[in-house]
Q: 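Before anything else, here's the structure in question.
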Amino acid sequence: MPTNSLSQHLPFGENKNAEWYGKDIISVKQFNRNDLEYIFGVAHEMRGMVERVGTFDLLKGKILANLFYEPSTRTSSSFTAAMERLGGSVIPINEVKYSSVSKGESLPDTIRTLECYADVIVLRHPETGSAAIAAKAAKKPVINAGDGVGEHPTQALLDVFTIYEELGAGQVDGMTVTMLGDLKYGRTVHSLARLLSMFTNIKLNYVSPEILRMPKEVMDEIGEKKVPQAEFDTLEKVLPETDVLYVTRVQKERFEDPVDYEKVKGAYVIDPDIMKSAKQEMIVMHPLPRVGEISTDFDDDPRAAYFRQMEYGLYVRMALLAMVLGKA
Ligand code: ASP
């Protein structure tokens, strides 16, 4: 190689032998307990680095394509912030109607295009299974940022990381987690319930209106791991034993019949009064956005963890980007 070659000026490359190098993140089913400990360890370090130095050059020169076919505030902006805090840059495609998607381009073709320019692709799409289709089309890593009513694996990782950081890593085993609201269409609870089933002595309560129950397929998978699960239509009975109350929004956009939505919207509202019967040492989480299911009067209660939860998402997404790009 000639001495004036460009390559002599390059910084160290990525570690291609790292376990997560080049991997897609499509479903929580791909993780085991050791993976979780590893991811949360890296995320914890990212938290420390952000607190100490703000931004650093771990992913300098790397490019993320952030491709969103559905609305997003937190997932999209936290992936952007994660990449930029690691010194990388982002191609944002939040408005697919201005891209060739509106000309009828297929998802695999759009993915093949973006991977010519980017090192990693984050995808949110309205169809279940779309992230897996994208990953099949791509040589570069694809990260599922929500595929319809399917999964939202990075949300579930940040949810469990929140529990670790808020209540202590050792606390998850033996915990009672109550999921409330739209368990049928809420993809975050589908991923979270699966992820929590990797812990021991965990108990899962599902509180929802009859028509918004946790899908059988998810309950069957969790049942195979012998995790106790129970369904309720009111919260009162299970709130006093709950360590984590995970509240969800009724997913208006997924209903076939708007009349059904009207029947169940506002079915549960968490407020200071109802929370009197909950433990003092517990947390209330929500993937957000909320549309009335947690009263703003509760926001100043120390148990209200939902705003801190968003921040933990930044550290988990920094960890995941560094991992799939061979830098962690
Ligand atoms: N932000 C979460 C999601 O994308 C939850 C929600 O939209 O209600 O699934």
Side-chain angles (χ1 to χ4, degrees), residues 20 23-33 35-51 64 66 68 70 72-86 120 122-124 131 141-147 150-169 171-172 175 177 179 181 186-199 202 243-249 283-290 294 303-324 328:
W20 290 91
K23 294 243 169 88
D24 304 304
I25 296 176
I26 304 302
S27 161
V28 291
K29 293 182 205 168
Q30 69 194 86
F31 302 117
N32 61 34
R33 187 71 191 263
D35 297 329
L36 299 189
E37 304 299 338
Y38 180 75
I39 295 166
F40 298 153
V42 179
H44 190 77
E45 276 183 53
M46 293 295 183
R47 181 182 188 183
M49 286 297 280
V50 171
E51 281 163 7
L64 158 70
N66 218 18
F68 280 69
E70 273 191 343
S72 170
T73 304
R74 274 150 291 272
T75 307
S76 165
S77 56
S78 65
F79 266 115
T80 299
M83 198 61 187
E84 293 187 355
R85 288 208 175 268
L86 292 168
V120 53
V122 167
L123 172 71
R124 170 169 291 184
V142 171
I143 300 178
N144 181 3
D147 61 332
E151 280 217 38
H152 196 345
T154 69
Q155 176 76 45
L157 289 169
L158 81 86
D159 291 339
V160 180
F161 183 61
T162 300
I163 302 174
Y164 267 50
E165 297 284 294
E166 293 274 316
L167 298 174
Q171 300 300 312
V172 184
M175 194 169 255
V177 178
M179 301 184 187
R187 57 192 167 201
T188 67
V189 282
H190 302 163
S191 291
L192 180 61
R194 287 178 169 121
L195 208 52
L196 287 172
S197 70
M198 289 171 201
F199 291 83
I202 196 131
D243 299 298
V244 174
L245 177 63
Y246 194 94
V247 186
T248 64
R249 170 180 72 92
I283 53 173
V284 177
M285 298 174 63
H286 193 309
L288 302 175
R290 64 174 160 186
I294 302 180
R303 295 169 294 180
Y306 31 93
F307 298 131
R308 300 190 292 274
Q309 186 182 349
M310 306 192 269
E311 187 187 322
Y312 296 125
L314 171 68
Y315 311 130
V316 168
R317 289 173 175 135
M318 288 173 80
L320 296 173
L321 289 171
M323 285 163 55
V324 300

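The basis for the numbers below is simple: all heavy atoms, side chains too, and nothing from hydrogens, waters or symmetry mates.
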Q: Under a 4.5 Å cut-off applied to non-hydrogen side-chain atoms, are M175 and I163 in contact?
A: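 The answer is yes; the side chains approach within 4.5 Å.
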Q: Side chains of L36 and L157, heavy atoms from C-beta outward: is any pair under 4.5 Å?
A: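 In contact.
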Q: Measuring from L320:CG to F79:CZ, what's the distance to the nearest 0.5 Å?
A: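 Result: 6.0 Å between the selected atoms.
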Q: Does D147 use its side chain to pair, donor to acceptor, with the backbone of A131 at less than 3.5 Å?
A: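 No; judged by distance alone, with no hydrogens or angles, the pair does not exist.
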Q: Which atoms form the tightest heavy-atom contact between A82 and L321, and what is the distance?
A: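 Taking A82 first and L321 second, the nearest heavy atoms are CB-CD1, 3.9 Å.
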Q: Given the rule in the side-chain contact (heavy atoms from CB on, under 4.5 Å) test, do I25 and N144 qualify, once you have shown the distances and angles that lead to the verdict?
A: CA-CA 6 Å; I25 296 176; N144 181 3; 5.9 Å; no
Q: To the nearest 0.5 Å, tell me how far H190 NE2 sits from S27 OG.
A: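 Reported to 0.5 Å precision, the distance equals 12.5 Å.
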Q: So F199 and R33, side-chain contact (heavy atoms from CB on, under 4.5 Å) or not? Walk me through it.
A: CA-CA 8 Å; F199 291 83; R33 187 71 191 263; 3.3 Å; yes
Q: Kindly assign one of parallel, tilted or perpendicular to the pair F31 and W20, based on the angle between their ring planes and the thresholds 30° and 60°.
A: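 Ring orientation, 0 to 90° scale: tilted.
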Q: By the definition salt bridge (Lys or Arg N to Asp or Glu O under 4.0 Å), identify the one residue from R187, R194, R124 that meets it with E151.
A: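 The salt bridge (Lys or Arg N to Asp or Glu O under 4.0 Å) with E151 is passed solely by R194 among R187, R194, R124.
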Q: State which residues pass side chain to side chain donor-acceptor pair (under 3.5 Å) with R317; sequence neighbours excluded, sorted by chain then number.
A: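 Checked R317 against side chain to side chain donor-acceptor pair (under 3.5 Å); matches are S78, T154.
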Q: Whether E165 and R47 form a salt bridge (side-chain N of Lys/Arg under 4.0 Å from carboxylate O of Asp/Glu) is what I want to check.
A: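 Answer for the salt bridge query: yes.
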Q: Any chance you could measure L158, atom CG, to E311, atom CD, to the nearest 0.5 Å?
A: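 One finds 11.5 Å between CG of L158 and CD of E311.
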Q: How many angstroms lie between atom CD of Q155 and atom CE of M310, to the nearest 0.5 angstrom?
A: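 Atom-to-atom, Q155:CD and M310:CE are 11.0 Å apart.
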Q: Which atoms form the tightest heavy-atom contact between P153 and S191, and what is the distance?
A: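 Closest approach of P153 to S191, heavy atoms only: N-OG, 3.8 Å.
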Q: Counting N and O atoms only, with roles assigned by atom type, does the side chain of Q309 sit under 3.5 Å from a partner on the main chain of H286, one being a donor and the other an acceptor?
A: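 Yes.
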Q: What I'd like to find out is whether the side chain of Q171 reaches to under 4.5 Å of the side chain of D243, using heavy atoms alone.
A: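 No, every pair of side-chain atoms sits at 4.5 Å or beyond.
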Q: What's the verdict on side-chain contact (heavy atoms from CB on, under 4.5 Å) for V122 and M83, showing C-alpha distance, side-chain angles and the deciding distance?
A: CA-CA 11 Å; V122 167; M83 198 61 187; over 6 Å; no
Q: Is there side-chain contact between H44 and Y164, with heavy atoms separated by less than 4.5 Å?
A: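 When only atoms from C-beta onward are counted, Y164 and H44 do not touch, as no gap falls below 4.5 Å.
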Q: Side chains of I39 and F161: closer than 4.5 Å at any heavy-atom pair?
A: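 No, every pair of side-chain atoms sits at 4.5 Å or beyond.
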Q: Closest approach of D24 and Q30, non-hydrogen atoms and distance?
A: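 For D24 and Q30, the tightest heavy-atom pair comes out as O-NE2, 2.7 Å.
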Q: If we ignore angles and hydrogens, is there a donor and acceptor under 3.5 Å between the side chains of T188 and D159?
A: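 Note: T188 and D159 side chains miss the donor-acceptor criterion.
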Q: R85: which residues meet the salt bridge (charged side-chain N to carboxylate O under 4.0 Å, His left out) condition with it, sequence neighbours left out?
A: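 Testing R85 for salt bridge (charged side-chain N to carboxylate O under 4.0 Å, His left out), a comparison that skips the adjacent residues, returns none.
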Q: Measuring only between side-chain heavy atoms, which start at C-beta, is V244 closer than 4.5 Å to L196?
A: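 With C-beta onward as the side chain, the pair stays apart.
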Q: Rounded at 0.5 Å granularity, tell me how far CZ in R74 sits from CG in L314.
A: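 R74 CZ to L314 CG: 14.0 Å, rounded to 0.5 Å.
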Q: Quick one: does R249's side chain get under 4.5 Å of P287's, heavy atoms only?
A: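 Not touching, per the 4.5 Å side-chain cut-off.
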